[in-house]
Every structure is written in C-alpha cells, then in structure tokens.
Amino acid sequence: MGKLSGKTALVTGSSRGIGRATAIGLAREGALVAVHYAHNEQAAQETVELIEKDGGQAFTVGAELGTPGDIDQLFAGLEAGLTERTGRATLDILVNNAAEVSRGTVPEEVTAEEFDKAFAVNTKAPFFVIQRALGLIPDGGRVVNISTGLTRVATPSQAVYAMSKGALEQLSLHFARHLAPRGITVNSVLPGVTDNGSPVFQIPELREQLSQFSAYKRLAEPRDVAGVVVFLATEEADWITGVSLDVTGGGLLG
Ligand code: NAP
C-alpha cells in the first residue's frame, strides 16, 4: 500500500520535466494521476506508459491553459477520466505545475503580449483551475503550486516570469487561509535550476554556469523537486500550509 493509495491527482504540465517526475512519484505512492499537457500528447502518453510500467494508474488530459475555454476543456477531460476509472469525479491532489517559462527578456524589450501570456498561464490559469477544482476536492485535499526560486533573487531578464510566480505564491497564501477550515493545504514549491531535458541543458558551458546557482554546484534533476511535492501531498504534511518551500538545493543561502 502506498501513502496515496485510493487518492486521485491532477498534475498540470506533466508530459515532461518536473511535472512528469511528480506524476510518476504520486503514482508510485498509489495515486491515480491525470497527466495534463498542452500540445505534446505523445509525451504525455509516454508519462502514462512509464507509470503503468511501474504498476501505477494514469490517463492523459489535454488543454492549452491561457486560452479561451481552457478550464472547461481541462475539467471535461479530467472529470470524464476520473469517473470512468473510479465511478466519481473526486480530486484529492492538485499540482499546478504547467508554466510559460521565460526565455530571458530584458525589461526594456518585454512586449505586452509576452507579459499577458506569462500571467495568463502562470497566474490566472492556476487561480481558475483551483476555483473549479474546489467542487471536486474533498476535505483534507492538497494543492501544490510550482513557483520558482527566482521570486527570491533579483534577475532583471526574468522579471515578468518571476512577477507572475510571485503572484502565484500570493495565491497559495490566501487560499491556504480560505481552505484551512476544510483541512485542505495549499503550498508553493520553489525549484532552482532543474534539468528538464531541454537541449539547452546539454550545452556544457551553460550547464556549468547554471550549476553554480545551487550550493551543491549541480543542476537539480526533476525527481529532486518531485519528491518534495509528493511529500506535501501525503498525510505527513498535514501541518504545513501557506508556505513557500525553497527547493533550490541551497541556491538562496547567499
Ligand atoms: P517543462 O519541461 O518546460 O514542461 C512544461 C510543461 O507544461 C509541459 O508539460 C507543457 O506541455 C506544459 N505547458 C506549458 N505551457 C502550457 C500551457 N500554456 N498550457 C498547458 N500546459 C502547458 O517544465 P519544467 O521546466 O519541468 O517546469 C515545471 C515547473 O517548474 C514550471 O512551473 C516552472 O516554472 C517551474 N520551474 C522550473 C525550473 C527549471 O529550471 N526547469 C526552475 C524553477 C521553476 P506540452 O509538453 O504539451 O508543451
């Protein structure tokens, strides 16, 4: 019996990277996981296959967040998938992980479109995903929002991305108070630089440079972050809510 046996989970953006590792980690503890993606259905299906090979249960749900009708599409797929497999649409664990990641733009060059997109995907979508999920999350449920260590370190070329994630952390804080009477915890996790499989992490000089951010002088692997998210989803983390958890490998030690 895993720590999450009989539970259900949605991990947005779990076709790859930290989201995939989180989906795998939750499923390994026994949760049935909805593997969400925007466009890359094949990658999401690979996540499902990895989970099934491991003896777990999962299904895919597609919806591009930050576009009209996104929440309706996401929940139509989620509720159908849950009902088909469990006979009801109960969601115990919600991980808001999908994000529009900054490519690095100096403030002078940020466009209104870039700004709106960052906030649409990283801030507005998680708010309305939680709002809609509240009808499905039972007392004692879990919400984890994936932020970034960049909300703690001034990095001008990442200003808009960090602003959108800072707002996400505020969302965790206020929803934690709002949902505490129901025993639902809401927390933010702040990863540092994490090798999500993107080709940029294969460039040796860049890898070396980015490794310096962590006190361990290495990049995080997705599982380094996923393990913490899984912990927050378990009963053992019952007494943690409203926090922004530094998972940067000591990147903020100064
Ligand atoms: P990633 O490998 O780039 O994967 C992004 C995931 O989000 C994919 O599943 C993608 O789906 C989905 N996604 C992207 N835009 C979407 C949209 N508009 N609607 C729906 N889904 C969308 O991500 P990652 O690097 O693992 O990052 C995961 C989280 O950690 C993000 O919140 C990120 O801000 C945070 N983070 C990452 C790092 C890092 O160094 N990697 C550091 C700090 C924080 P498709 O595959 O279909 O495109």
Results of salt bridge (Lys or Arg N to Asp or Glu O under 4.0 Å) for [X] - residues two or more places apart only:
{"X": "Asp238", "result": "Arg142"}
{"X": "Glu114", "result": "none"}
{"X": "Arg85", "result": "none"}
{"X": "Arg88", "result": "none"}

Between Thr22 and Val33, does the side chain to side chain contact (heavy atoms under 4.5 Å, CB included) criterion hold? Intermediate values first, please.
CA-CA 10 Å; Thr22 300; Val33 183; over 6 Å; no

Grab the two heavy atoms, one from [X] and one from [Y], that are nearest each other, plus how far apart they are.
{"X": "Leu32", "Y": "Ala58", "result": "CD1-N, 4.0 Å"}
{"X": "Leu65", "Y": "Ala98", "result": "CD1-CB, 4.1 Å"}
{"X": "Asp92", "Y": "Thr8", "result": "OD2-N, 2.9 Å"}
{"X": "Ser157", "Y": "Ser102", "result": "O-OG, 3.8 Å"}
{"X": "Ser14", "Y": "Gly19", "result": "CB-O, 3.3 Å"}
{"X": "Thr185", "Y": "Ala237", "result": "CG2-O, 4.4 Å"}

Quick one: do Glu49 and Arg20 make a salt bridge, cutoff under 4.0 Å?
no

Connecting only ILVMFWY residues whose side-chain heavy atoms lie within less than 4.5 Å of each other, what is the rest of Phe115's hydrophobic cluster?
Val110, Phe119, Val160, Met163

When clusters are formed from ILVMFWY side-chain contacts under 4.5 Å, directly or step by step, what else is grouped with Leu150?
Tyr161

Kindly say whether [Y] contributes a backbone atom to a donor-acceptor pair with the side chain of [X] at under 3.5 angstrom?
{"X": "Gln170", "Y": "Gly166", "answer": "no"}
{"X": "Ser15", "Y": "Gly13", "answer": "no"}
{"X": "His39", "Y": "Glu64", "answer": "no"}
{"X": "Asn196", "Y": "Ser198", "answer": "yes"}
{"X": "Thr123", "Y": "Leu168", "answer": "no"}
{"X": "Asp139", "Y": "Gly183", "answer": "no"}

Would [X] and [Y] show up in the same hydrophobic cluster when neighbours are defined by side-chain heavy atoms closer than 4.5 Å?
{"X": "Leu50", "Y": "Val61", "value": "no"}
{"X": "Leu94", "Y": "Phe59", "value": "yes"}
{"X": "Leu26", "Y": "Leu232", "value": "yes"}
{"X": "Phe201", "Y": "Phe213", "value": "yes"}
{"X": "Phe231", "Y": "Ile146", "value": "yes"}

Enumerate the residue pairs fulfilling salt bridge (charged side-chain N to carboxylate O under 4.0 Å, His left out) with a member in residues 152-165, sequence neighbours excluded, ordered by first and then second residue.
Arg152-Glu169

Determine whether Ile51 and Ile24 satisfy the following criterion, side chain to side chain contact (heavy atoms under 4.5 Å, CB included), listing intermediate values before the conclusion.
CA-CA 6 Å; Ile51 287 172; Ile24 291 171; 3.9 Å; yes

Taking side-chain hydrogen bond (donor to acceptor under 3.5 Å, both in side chains) as the test, write out the residues that go with Glu52, two or more places apart.
none

Under the rule for side-chain hydrogen bond (donor to acceptor under 3.5 Å, both in side chains), what residues qualify as partners of Lys3, not counting sequence neighbours?
Glu236

Can you give me every donor-acceptor pair (side chain of residues 218-227, partner residue at least two apart or in another chain, under 3.5 Å) with its distance?
residue, atom, partner, partner atom, Å
Arg218, NH1, Asp224, OD2, 3.0
Arg218, NH2, Asp224, OD2, 3.4
Asp224, OD2, Glu221, N, 2.7

Could you tell me whether the side chain of Ile18 reaches within less than 4.5 Å of the side chain of Pro191, counting heavy atoms only?
yes

Heavy-atom distance under 4.5 Å between the side chains of Ile130 and Asn145, does that happen here?
yes

Show every side-chain hydrogen bond (donor to acceptor under 3.5 Å, both in side chains) that has at least one partner inside residues 65-74, sequence neighbours left out.
Asp72-Arg132

Solution key, residues 245-254 side-chain donor-acceptor pairs under 3.5 Å, sequence neighbours excluded:
residue, atom, partner, partner atom, Å
Asp246, OD1, Thr248, N, 2.9
Asp246, OD1, Thr248, OG1, 2.6
Thr248, OG1, Gly251, N, 2.9

I would like to know whether Glu205 and Gln209 meet side chain to side chain donor-acceptor pair (under 3.5 Å); could you show each step before the answer?
CA-CA 6 Å; Glu205 305 78 46; Gln209 187 193 331; over 6 Å; no

Within a 6.0 Å radius of atom CD on Gln57, are there more than 12 heavy atoms belonging to other residues, nucleotides or ligands?
no

